[in-house]
Amino acid sequence: MSGSSIGSILLSSTNPDRLRDWYARAFAPKVDRTPGEPGYDVLDFNGFYMMIDKRDDIGDTNPQPGRMFLNVETDDARSVAKRVDELGGTWFAPLEERNGSWFATAIDPDGNYIQIIEFSETARAEMESAMTEGGA
């Protein structure tokens with residue numbers, strides 16, 4: 001074990017309220033705010049935290065969204081995809097079934113890629129087995 005972990009991400013935007021609201025509606029995380037000013041909106045994805053702040057030194061949209069995908073694992077990808085559609089969302093890759101698991105890549109209002117994943121029980125068991133056997 002390395003003693004290090006990744007527990008959060010800071011997502012900057014020229015319109016953080018819009019971005020916060022989109023993520024809150026699409027994925028239903030717990031939404032909070034850090035104390036003090038300027039504070040950050042904090043979205044709690046079951047212990048992984050997305051902080052959103054306002055920056056003036058960036059563009060309105062991400063010019064190279066393929067550099068990083070945010071992976072959101074869910075137990076109901078079809079419902080999440082439906083909420084993204086209801087929000088007028090855009091898709092880089094629409095929802096599709098792959099060997100019993102579901103995958104899609106949505107594009108948030110700032111142009112970032114968000115991969116929606118619902119692993120099948122078989123796929124999850126295979127991954128856990130491989131991680132255990134591989135010593136990771």
Side-chain angles (χ1 to χ4, degrees):
M1 174 158 263
S2 70
S4 300
S5 66
I6 297 176
S8 66
I9 186 170
L10 177 63
L11 198 56
S12 297
S13 178
T14 58
N15 192 338
D17 293 342
R18 177 190 67 191
L19 201 58
R20 175 204 59 222
D21 292 347
W22 188 87
Y23 277 95
R25 289 184 183 121
F27 302 106
K30 179 183 175 198
V31 179
D32 209 344
R33 185 148 178 93
T34 61
E37 286 301 323
Y40 299 104
D41 288 316
V42 180
L43 287 73
D44 181 353
F45 289 86
N46 294 319
F48 182 84
Y49 301 95
M50 177 187 290
M51 296 176 285
I52 302 175
D53 77 335
K54 180 171 178 53
R55 293 187 56 127
D56 297 325
D57 62 341
I58 59 172
D60 290 336
T61 58
N62 185 347
Q64 295 182 314
R67 286 185 172 261
M68 183 183 70
F69 286 63
L70 295 170
N71 290 335
V72 177
E73 292 183 31
T74 179
D75 58 0
D76 191 353
R78 288 164 285 231
S79 291
V80 172
K82 182 179 177 187
R83 286 195 302 269
V84 170
D85 285 338
E86 290 168 353
L87 291 167
T90 305
W91 296 98
F92 179 75
L95 187 66
E96 67 178 358
E97 186 264 337
R98 298 182 202 159
N99 299 320
S101 297
W102 290 89
F103 295 87
T105 304
I107 303 172
D108 76 14
D110 281 13
N112 302 302
Y113 290 166
I114 301 87
Q115 190 166 234
I116 299 164
I117 306 168
E118 178 185 338
F119 289 114
S120 69
E121 291 300 320
T122 301
R124 190 170 300 283
E126 288 172 355
M127 287 186 297
E128 289 173 2
S129 176
M131 295 291 284
T132 302
E133 291 171 11

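Values below: all heavy atoms of this structure, side chains included; hydrogens, waters and symmetry mates excluded.
Note that CD of Q115 is 4.5 Å distant from OG1 of T105, once rounded to the nearest 0.5 Å. Taking CG of N15 as the start and OG1 of T61 as the end, the distance is 12.5 Å to the nearest 0.5 Å. Taking CG of D21 as the start and CZ of R25 as the end, the distance is 5.0 Å to the nearest 0.5 Å. The CD1 atom of I52 lies 14.5 Å from the CZ atom of R55; values are rounded to the nearest 0.5 Å. Atom CG in D108 sits 6.5 Å away from atom CG in L11 (nearest 0.5 Å).
The heavy-atom pair separating G111 from P65 by the smallest distance is O-CB, 2.9 Å. For the pair S101 and A123, the tightest heavy-atom approach, listed with the atom from each and the gap, is OG-CB, 3.6 Å.
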What verdict does the side-chain contact (heavy atoms from CB on, under 4.5 Å) test give for V72 and I117, after you've listed the backbone C-alpha separation in whole Å, the side-chain angles of each residue and the deciding distance to 0.1 Å?
CA-CA 6 Å; V72 177; I117 306 168; over 6 Å; no
Before giving the answer on side-chain contact (heavy atoms from CB on, under 4.5 Å), spell out for D110 and R18 the whole-Å C-alpha distance, their side-chain angles and the decisive distance to 0.1 Å.
CA-CA 9 Å; D110 281 13; R18 177 190 67 191; 2.5 Å; yes
Run the side-chain contact (heavy atoms from CB on, under 4.5 Å) test on I9 and M68 for me, step by step, so that the C-alpha distance in whole Å, both residues' side-chain angles and the decisive distance to 0.1 Å come before the verdict.
CA-CA 12 Å; I9 186 170; M68 183 183 70; 3.5 Å; yes
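Side-chain contact check for V80 versus F27: some heavy-atom pair is nearer than 4.5 Å. In this structure, the side chains of I114 and F69 stay at 4.5 Å or more apart for every pair of heavy atoms. Using a 4.5 Å heavy-atom cutoff, the side chains of E118 and R78 are in contact. For the pair I58 and T14, the minimum side-chain heavy-atom distance is below 4.5 Å. Looking only at side-chain heavy atoms (C-beta outward), L70 and M50 come within less than 4.5 Å of each other. The closest side-chain heavy-atom distance from Y23 to V31 is not below 4.5 Å. A heavy-atom distance below 4.5 Å is not found between the side chains of L43 and F48.
F92 and I116 fall into different hydrophobic clusters, where Ile, Leu, Val, Met, Phe, Trp and Tyr side chains are chained together by heavy-atom contacts under 4.5 Å. When hydrophobic clusters are built by joining Ile, Leu, Val, Met, Phe, Trp and Tyr residues whose side-chain heavy atoms come closer than 4.5 Å, directly or via intermediates, I107 is not grouped with L19.
Counted within 6.0 Å of CD on E121, heavy atoms from surrounding residues, nucleotides or ligands total 12 or fewer; the atom is thus considered open.
Checking side-chain atoms of Q64 against main-chain N and O of R67 turns up no donor-acceptor pair under 3.5 Å. Proximity of a side-chain donor or acceptor of T74 to a complementary backbone N or O of D76 within less than 3.5 Å is detected. Put simply, the side chain of S129 never gets that close to the backbone of A125: no donor and acceptor are under 3.5 Å apart.
Grouped with Y40 in one hydrophobic cluster are L10, V42, Y49, M51, the linkage being side-chain heavy-atom contacts under 4.5 Å among Ile, Leu, Val, Met, Phe, Trp and Tyr residues. Cluster partners of L95, using a side-chain heavy-atom cutoff of under 4.5 Å among ILVMFWY residues and allowing indirect links, are W102.
Only one option out of D57, D56, D53 pairs with S12 in a side chain to side chain donor-acceptor pair (under 3.5 Å); it is D53.
The existence of a salt bridge linking D17 and R20 is confirmed by a sub-4.0 Å separation between a basic side-chain nitrogen and an acidic carboxylate oxygen.
Taking the ring centre of F103 as origin, the terminal cationic atom of R98 falls inside the region bounded by 6.0 Å and 45° from the ring axis.
Using modelled atom types, one finds a donor on one side chain and an acceptor on the other under 3.5 Å when comparing N112 with N62.
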